[in-house]
There are 2 protein chains.
Amino acid sequence: MSLEKTPRPGGRSARVQQAVHAAAEELIAENGGDRSAVTIPQIAARAGVTPSTIYRRWGDLQQLLAAMATDRLLPESVPDTGSLAGDLGAWLESYVEDFSSPLGRRILRDMVADDAATTRYFQILQDHLDTIRGAALRRGEDPPSVDDIVDTVVAPIIYRILFTAAEDESLGLSRRLRQLLQRPEAGPPGADVHAGPEHHYQTTGTAPGPETRRLP
Amino acid sequence: MSLEKTPRPGGRSARVQQAVHAAAEELIAENGGDRSAVTIPQIAARAGVTPSTIYRRWGDLQQLLAAMATDRLLPESVPDTGSLAGDLGAWLESYVEDFSSPLGRRILRDMVADDAATTRYFQILQDHLDTIRGAALRRGEDPPSVDDIVDTVVAPIIYRILFTAAEDESLGLSRRLRQLLQRPEAGPPGADVHAGPEHHYQTTGTAPGPETRRLP
DNA sequence: CATCCTAACGCAAATCCTTTGCTTTAGTGT
DNA sequence: ACACTAAAGCAAAGGATTTGCGTTAGGATG
């Protein structure tokens with residue numbers, strides 16, 4: 001679960017990190033997710049350490065939150081459903097679930113605010129996707145490249161989570177998956193890639209209306 | 001240039017905002033773009049206002065930066081090159097130029113850290129794309145939907161800017177544009193959509209290597 | 001098992017940032 | 001010209017942040 005290089009894992013350092021992360025998470029939860037309401041001295045008191053420990057180790061609240069975010073959003077285990085479509089679908093479902101909640105959204109913002117955390121996380125994502133691809137290759141399937149998976153599925157979803165107020169998922173998860181996986185066959189030239197026939201959208205609520213918006 | 005609702009435009013309020021924005025920009029530039037090095041009292045002094053003015057109006061540094069970011073990243077004017085491909089290309093070029101520089105990247109992060117700023121900006125982006133679409137429709141062209149433009153071009157580019165350390169643009173701008181616009185014709189089934197033949201990539205430096213990475 | 005070594009933590013003082021109640025001013029409407 | 005209001009100035013109180021130095025926990029060495 002820990003991203004930090006721990007030269008002495010299991011030691012005092014690890015205990016402090018865990019205590020601080022837990023304390024911060026508790027305090028944020030108690031404040032309804034409002035980050036600006038919690039302070040480092042508060043976290044330190046709850047965690048049973050002195051503030052200077054946190055300042056020296058993490059720098060400021062933003063970086064502490066970013067570190068917690070990357071920790072929290074790690075893809076847990078690689079599913080193995082027997083097929084690429086299954087593996088990707090299973091992973092994506094939990095991925096979207098993690099990120100699309102109001103809490104996940106805030107955690108994502110915490111992470112994106114910090115360059116180091118973001119690139120670190122992307123590395124982990126690439127590794128994870130590669131593992132899934134590896135399994136597919138071993139089965140004799142022909143998986144899309146990591147870049148294609150990122151461009152077609154991951155980027156649009158994360159972008160809409162960051163830039164869109166939609167609470168629910170009009171994220172078109174299954175539509176995007178189909179788009180990604182059906183590529184090699186390249187169905188009927190006209191109406192395939194975008195706006196496929198049988199929609200799986202779940203345009204439940206205040207989604208970002210599929211089409212145009214008002215003009216200035 | 002100003003996003004804020006200015007009930008009294010041109011008055012003192014507007015002057016203060018301009019002075020504060022300018023002061024902040026200067027100070028950040030002097031510190032090599034390091035946000036954590038500049039403080040609100042510093043900005044206030046440079047702008048010739050008292051710190052409490054900034055605190056009351058913007059809340060904290062993060063929100064001030066987010067406001068500056070949305071202001072700074074507004075799409076200036078809608079180009080009219082006579083064709084959809086031209087309009088989109090011209091806009092995208094300046095768009096990518098704005099965002100992909102180290103400075104633009106930091107500004108983008110400032111904006112994304114703030115939910116309100118992000119959704120506000122997305123609204124503006126939608127309006128802008130709609131204007132471009134409108135021009136295309138008036139010419140009798142058949143432009144992709146705003147959602148398709150966002151999914152195919154905008155989201156992947158912004159995602160890679162945020163999550164990738166690449167200094168240069170291996171963002172595949174023209175490749176994505178082609179992918180977006182060539183959809184209706186749906187070229188040769190196999191090797192078209194992804195990894196087109198004549199690459200425009202400029203895989204100059206530490207880019208996110210096109211394919212797989214190391215395993216855990 | 002005893003000893004040494006070092007990264008990380010605790011402590012406390014000095015500094016700086018942030019908040020807040022009240023007053024003053026600039027711009028607008030009558 | 002006069003009154004009204006949103007926004008800015010001022011100053012004091014209350015925290016947050018930084019920093020130098022002593023201490024400690026955990027690993028390394030023999």
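A, B, ... follow the sequence lines: proteins, then strands. Residue 1 opens every chain. In this text, all values refer to a predicted model and were calculated from it rather than measured experimentally.
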Original post:
Closer to the 5' end of DNA chain D via nearest nucleotide, is it P41(A) or G48(B)?
Top reply: G48(B)
Subject >> Distance in angstrom units between D60(B) CG and dC17(C) C1', rounded >> reply: 12 Å
**OP:** Return no unless some side-chain N or O of S13(A) is found under 4.0 Å from OP1 or OP2 of dA8(C).
**Re:** no
Output a table of nitrogen or oxygen pairs between the protein and nucleotides 10-12 of chain D separated by less than 3.5 Å.
residue, atom, partner, partner atom, Å
dC10(D), N4, S52(B), OG, 3.1

Original post:
Distance only, no hydrogens: is a donor on one side chain within 3.5 Å (strictly under) of an acceptor on the other, for S13(B) and R57(B)?
Top reply: yes
Subject >> N-O pairing of R133(B) and E141(B) below 4.0 Å >> reply: no
**OP:** Give a yes or no answer on whether the side chain of T119(B) reaches the backbone of A116(B) with a donor-acceptor pair at less than 3.5 Å.
**Re:** yes
**OP:** Ignoring backbone atoms, test whether R15(A) places a side-chain nitrogen or oxygen under 4.0 Å from the OP1 or OP2 oxygen of dG26(D).
**Re:** yes
Original post:
For the pair made of CG in L27(B) and P in dC17(C), what is the distance, rounded to whole Å?
Top reply: 12 Å
Subject >> Whole-Å gap separating C1' (dT18(D)) and CG (L61(A)) >> reply: 17 Å
Subject >> Backbone N/O of V112(B) and side chain of R109(A): donor-acceptor pair under 3.5 Å >> reply: yes
**OP:** Taking R46(A) for its side chain and A24(A) for its backbone only, find out whether a donor-acceptor pair lies under 3.5 Å.
**Re:** no
**OP:** Round to a whole Å and report the spacing from CH2 of W58(A) to P of dA8(C).
**Re:** 11 Å
**OP:** Respond yes when some side-chain nitrogen or oxygen of R12(B) is under 4.0 Å from OP1 or OP2 of dA6(D), and no when none is.
**Re:** no
Original post:
Taking CD from Q17(A) and C1' from dA25(D), how many angstroms apart are they, rounded to a whole number?
Top reply: 17 Å
**OP:** Whole angstrom is fine here: how far is it from CD1 in I40(A) over to C1' in dT18(D)?
**Re:** 12 Å
Original post:
Within the structure, does a side-chain N or O atom of T39(A) lie under 4.0 Å from either OP1 or OP2 of dA16(D)?
Top reply: yes
Subject >> Non-neighbouring partners of D110(B) that pass salt bridge (Lys or Arg N to Asp or Glu O under 4.0 Å), sequence neighbours left out >> reply: R35(B)
Original post:
Is any side-chain heavy atom of L88(B) closer than 4.5 Å to a side-chain heavy atom of L180(B)?
Top reply: yes
